[in-house]
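For reference, positions follow the sequence shown, starting with 1.
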Amino acid sequence: MGLRLFQLLLLGIFTLVFMDEGIRFCNECDFFDGFKCRSHMKRCWKFNLFLPYNRSCTTDHYYFGDRATGRYLFHFTKLSCKPCEEGMFQVFHDLLRETHCCTNKNMCNTGKDNLEKSALYGEDTDYTVHDDIPPK
């Protein structure tokens, strides 16, 4: 049994080392306000194997519905390594999630690919209206 287990271990190492794209690295952040991560920015990794939807880094943009204007306004972004299914999904009656998948390179989910957010006029691009909120 020991020799068989050793052979399986060598097969696993061989598969990871000699694959074209063995491991994908992504950013992970629970609350990205569009300019910087308000929680701890981490790195996560996943095996870049077989299934095409599993090869991507995930960016989820969340929007709140404004009843007065009838529009959805950007609230925050979540970056992760979970398997990605691109599209829009209504989480609650007033909360909308938009998911983007990127497969072109490592660390491609920066969170800055949302065109709905903008910096305050005359301010630095790293400044946001959420700067008065203390980090957790």
Contact check, side chains of [X] and [Y], non-hydrogen atoms, under 4.5 Å:
X	Y	answer
Y72	Q90	yes
L79	E28	no
F64	H75	yes
T58	N109	no

Handout entry: Between NZ on residue K42 and OG on residue S80, distance to nearest 0.5 Å
Key = 12.0 Å

Problem - CG-CZ distance between D30 and R38, expressed to the nearest 0.5 angstrom - result: 14.5 Å

Exercise for the section: Output every pair passing salt bridge (Lys or Arg N to Asp or Glu O under 4.0 Å) with a member in residues 62-75, not counting sequence neighbours, ordered by first then second residue. Expected result: none

Handout entry: Exam field: side chain R24 to backbone M107, donor-acceptor pair closer than 3.5 Å
Key = no

Problem - By side-chain contact (heavy atoms from CB on, under 4.5 Å) - contacts of Y62 (at least two apart) - result: D60, F76, K78, V91, L95, R97

Handout entry: Shared hydrophobic cluster for L73 and M88 (ILVMFWY, side-chain gaps under 4.5 Å)
Key = no

Practice task
Kindly give the heavy-atom pair with the smallest separation between H100 and E86, and that separation in Å.
Solution key: CA-OE2, 3.8 Å

Exercise for the section: Can you see which heavy atom on F32 is nearest to which on C37, and at what distance? Expected result: CD1-N, 3.5 Å

Handout entry: Verdict with reasoning, C57 to C108, per disulfide bond (SG atoms under 2.5 Å apart)
Key = CA-CA 7 Å; C57 300; C108 59; 4.1 Å; no

Exercise for the section: Any chance you could lay out the side-chain contact (heavy atoms from CB on, under 4.5 Å) test for M41 and N27, step after step, and finish with the verdict? Expected result: CA-CA 7 Å; M41 180 69 90; N27 292 314; 4.0 Å; yes

